[in-house]
Amino acid sequence: MQQPYYDDRAMITDALDSQKMIAQTYNHYAGECATQQRKDKLMQLLGEEHDMQFELFSEMQKRGWYCPKQAQSQAVSAAQKQFAKEEKTL
């Protein structure tokens, strides 16, 4: 049986998806820590994962493989107003 071929784009996309999943997991467990020392360690690891994720994102963006659209200023303003409103109700 022939092995599937993964090109650079597929491999980097897979790596980025993996980094996102790892970061979500560290974030979840950081909120569940019983001691500050454990939480600090997980937060350090979470930061490292975010750094790796950004490197992969930057490489994909440089190659034209990941091009997020810029938010329209109206959408940004609406989100800011909504969050400000919710913050006042807390």
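Computed from a predicted structure; not experimentally measured. Every heavy atom of this structure was used, including side-chain atoms; hydrogens, water molecules and symmetry mates were not.
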Donor-acceptor pair, side chain of Thr89 and main chain of Glu86, under 3.5 angstrom: yes

Interatomic distance, Ile22 atom CD1 to His50 atom NE2 [nearest 0.5 angstrom]: 11.5 Å

Residues that Tyr66 engages under side chain to side chain contact (heavy atoms under 4.5 Å, CB included), provided they are two or more places apart: Leu16, Lys20, Phe57, Met60, Pro68

Spacing of OG belonging to Ser58 relative to CZ belonging to Arg63, to within rounding of 0.5 Å: 12.0 Å

Criterion side chain to side chain contact (heavy atoms under 4.5 Å, CB included) on Trp65 and Ile12, from CA distance to verdict: CA-CA 10 Å; Trp65 296 340; Ile12 295 175; 3.8 Å; yes

Distance-only side-chain donor-acceptor flag, Gln53 / Glu49, under 3.5 Å: no

Exceeds 12 heavy-atom contacts within 6.0 angstrom, atom CD of Gln82: yes

Step-by-step side chain to side chain contact (heavy atoms under 4.5 Å, CB included) determination, Met11 to Asp14: CA-CA 5 Å; Met11 287 188 285; Asp14 184 56; 5.7 Å; no

Separation between NE2 of His28 and CG of Leu42, rounded to the nearest 0.5 Å: 11.0 Å

Please set out all donor-acceptor pairs under 3.5 angstrom arising from side-chain atoms of residues 29-40, sequence neighbours excluded.
unit_1: Thr35; atom_1: OG1; unit_2: Arg38; atom_2: N; d: 3.2
unit_1: Gln36; atom_1: NE2; unit_2: Asp40; atom_2: OD1; d: 2.7

Phe54 side, atom CZ; Glu59 side, atom CD - distance, nearest 0.5 Å: 12.0 Å

CD/Gln72: more than 12 non-hydrogen atoms of other groups inside 6.0 Å: no

Gap between atom CD of Glu48 and atom OH of Tyr26 - 0.5 Å precision: 8.5 Å

Taking every non-hydrogen atom, the tightest pair across Ala71 and Val76: CB-CG2, 3.7 Å

